[in-house]
Amino acid sequence: MPRPYNVIFFSYLCTMNTTSIRKDFPVLHQSVNGRPLVYLDNTATTQKPQAVIDRISDYYETINSNAHRGTHTLGRMATEALESARTTVQKFINAKEQHEIIFTKGTTEGINLVAQTFAQQFLNEGDSVLISAMEHHANIVPWQQMCKQKKANLLVIPVLENGELDLSEIDNLLSQNVKILAITHISNVLGTINPIEVLIEKAHKKNIPVLIDAAQSVAHEVIDVQKLDCDFLAFSAHKMYAPMGIGVLYGKSEWLNKLPPYQFGGEMILEVRFEESTFNELPFKFETGTPNVDGILALETAIQYMQKIGLKEIAKYENELLTYATEKLSEIDDIIFHGTSKQKTAVLSFNIKNVHNSDVGAILDQLGIAVRTGNHCAQPLMEILGIPGTVRASFAFYNTKEEIDVFIEGVKTAKKMLM
């Protein structure tokens, strides 16, 4: 029988104890190039605690079966476990209804689902879609392609030099026959926390629905979709200590019911005849084929793990790491920061003057330090900044100030070698 994962967590997690927490993450305890691993690429993907790894193994060892298909015992257990996980996600983001939670492969699929179905139903020639200049490609290209198909316009909110959105013309932009606003909550490049509450309120005054890309915020901020009043919100499990290949799209019931199916076959079918087919109710209308049951259950465990620590406590600690790293990096000459908003999450994007970002990353890797370099799937933003890319260090609650010290010494070494 599967273990009761809602009660297996350790009491030490109720307080921030990094030494104890790090014991839960097997991947952190290894050497890379002969040095202890310092993993600072959490914006790309987070590492997984043992409880999440065990949940995956336990599923395959005890109840492996196709959910919502078989009537046998294992099938019923898999179905019950999946729907319990859906309820956990619903409560995690405070969705009003369980069926407003759609399981996807990740943020990218969630955005594509909305973009394609919304455009099919509501976007016409001459209409507009509004995004921002700091979007990930996953929240640019789907809308760009739909605008091309529908002969609609893609409008862009500009970015200020400090990495904040330039909202001076937001009312004018929203007046240009905009049918939907699709905006990131937190920039994966700059770490900027956008004022989505203000944007949602402004959009709704003009009856414009809003999609939030929460890929970078769901593990760092308390998300309450009812309080935000967003119409859609998408996020990925692998950025919140759960596996890759699973994600969530939240949508208000009234909008999800208006949208046509995204894909066809499997569980989304209610009745099929050669002449005509009818489609299932929410949430199954958008969940085609065999679900990623082990990923969904692991996501539930990751949520419970974070909740035991506390999202507010996580945000506070990660902000301490960001402040510490920013101060230490500022002491090095020739460092150019990208993204200096006062409202930031634990992301540091920077360059060393006259040094290519990838060269810095290569040297840091030789020292056992994992950071991300390049354009971070945000080429339009890089063009605005006038750079090919950045070095990006991003922090999680299992990182330490001692690791940041190692990172700072690594940057100094890279600078000395490359300048």
Exercise. Do T184 and E135 get their side chains close enough for a donor-acceptor pair, meaning under 3.5 Å?
Worked result: no
Problem set entry | Beyond-backbone contact of L82 with P291, side-chain heavy atoms, under 4.5 angstrom | yes
For this session: For the pair S341 and E164, evaluate side chain to side chain donor-acceptor pair (under 3.5 Å) and give the outcome as yes or no after the intermediate values.
Result: CA-CA 6 Å; S341 170; E164 295 178 358; 3.1 Å; yes
Problem set entry | Heavy-atom check, side chain of L329 versus side chain of V411, under 4.5 Å | yes
Exercise. How would you list all residue pairs meeting ring-ring contact (aromatic ring centres under 6.0 Å, His included) that involve residues 113-168, not counting sequence neighbours?
Worked result: F118-F122, F118-W255, F122-W255
For this session: Sort out for me which residue in E97, E300, E287 forms a salt bridge (Lys or Arg N to Asp or Glu O under 4.0 Å) with R86.
Result: E287
Exercise. Got a donor-acceptor contact below 3.5 angstrom from the E327 side chain to the Y324 backbone?
Worked result: no
Exercise. More than 12 non-hydrogen atoms from neighbouring residues, nucleotides or ligands closer than 6.0 Å to CD on E331, yes or no?
Worked result: yes
Problem set entry | Residues which pass side chain to side chain contact (heavy atoms under 4.5 Å, CB included) with N292, listed by chain and number, not counting sequence neighbours | I246, D294
Exercise. Is the backbone of E83 close enough, under 3.5 Å, to the side chain of Q98 for a donor and an acceptor to pair up by distance?
Worked result: yes
Problem set entry | D127 vs K150, salt bridge (charged side-chain N to carboxylate O under 4.0 Å, His left out): CA-CA, chis, key distance, verdict | CA-CA 9 Å; D127 290 339; K150 294 289 188 172; over 6 Å; no
Exercise. If we only count heavy atoms from C-beta on, is the F286 to L282 side-chain gap below 4.5 Å?
Worked result: yes
For this session: For side chain to side chain donor-acceptor pair (under 3.5 Å), just list the numbers for S253 and H99, CA-CA rounded to whole Å, side-chain angles, deciding distance to a tenth of an Å, and then say yes or no.
Result: CA-CA 8 Å; S253 294; H99 61 248; 2.8 Å; yes
Problem set entry | Value rounded to 0.5 Å, distance of CG in L28 from CD in E403 | 7.0 Å
For this session: Answer yes or no: is there a donor N or O on one side and an acceptor on the other, between the side chain of R392 and the main chain of R372, under 3.5 Å?
Result: no
For this session: Taking atom types as modelled, find out whether S175 and K206 have a side-chain donor-acceptor pair closer than 3.5 angstrom.
Result: yes
Exercise. Do I157 and L173 come within less than 4.5 Å of each other through their side chains, counting heavy atoms only?
Worked result: yes
Exercise. Is the shortest heavy-atom distance from the side chain of P260 to the side chain of F279 under 4.5 Å?
Worked result: no
Exercise. Hey, does the side chain of H29 reach the backbone of R22 with a donor-acceptor pair shorter than 3.5 angstrom?
Worked result: yes
Problem set entry | For S236, the option from T107, D213, T45 that meets side chain to side chain donor-acceptor pair (under 3.5 Å) | T107
Exercise. Does one side chain, of E318 or H220, offer a donor that lies under 3.5 Å from an acceptor on the other?
Worked result: yes
Exercise. For the atom pair NE2 (H204) and CG (L181), what is the distance rounded to the nearest 0.5 Å?
Worked result: 9.0 Å
Problem set entry | Side-chain donor/acceptor of S84 to backbone N/O of E80, under 3.5 Å | no
Exercise. With the threshold set at 4.0 Å, does a side-chain nitrogen-carboxylate oxygen contact exist between D334 and K415?
Worked result: yes
Exercise. How are the rings of F407 and F350 set to each other: parallel, tilted or perpendicular (split at 30° and 60°)?
Worked result: perpendicular
Seminar exercise, completed: The reported gap from CG in D41 to OG in S394 (rounded to nearest 0.5 angstrom) is 5.5 Å
For this session: Without swapping roles, check the side chain of Y262 against the backbone of E109 for a donor-acceptor pair under 3.5 Å.
Result: no
For this session: Rounded to the nearest 0.5 Å, what's the gap from NZ on K96 to OH on Y250? Could you check?
Result: 9.0 Å
Problem set entry | Side-chain donor or acceptor of N357 paired with backbone N/O of G374 under 3.5 Å | yes
Problem set entry | Under 3.5 Å side-chain donor-acceptor pair for Y398 and D24 | no
Exercise. Between S217 and H185, is any side-chain donor less than 3.5 angstrom from a side-chain acceptor?
Worked result: yes
For this session: Mind checking the OG1-CG spacing from T340 to L348? Nearest 0.5 Å is all I need.
Result: 11.0 Å
Exercise. Going by atom types alone, do T390 and H376 pair a side-chain donor with an acceptor below 3.5 Å?
Worked result: yes
Problem set entry | From CG (D405) to CD (E409), nearest 0.5 Å | 7.5 Å
Exercise. Looking only at atom types and distance, does a side-chain atom of K179 sit under 3.5 Å from a main-chain N or O of P209, one as donor and one as acceptor?
Worked result: no
For this session: Tell me yes or no: between the side chains of S128 and Q176, is some donor less than 3.5 Å from an acceptor?
Result: no
Exercise. Under 3.5 Å, side chain of T323 to main-chain N/O of N319, donor-acceptor pair present?
Worked result: yes
Exercise. In terms of side-chain heavy atoms, does Q304 have a donor or acceptor partner in T301 at a distance below 3.5 Å?
Worked result: no
Exercise. Is a side-chain N or O of N33 found less than 3.5 angstrom from the main chain of D365, in a donor-acceptor match?
Worked result: yes
Exercise. What is the ring orientation for F397 with Y241, classed by angle as parallel under 30°, tilted 30 to 60°, or perpendicular over 60°?
Worked result: tilted
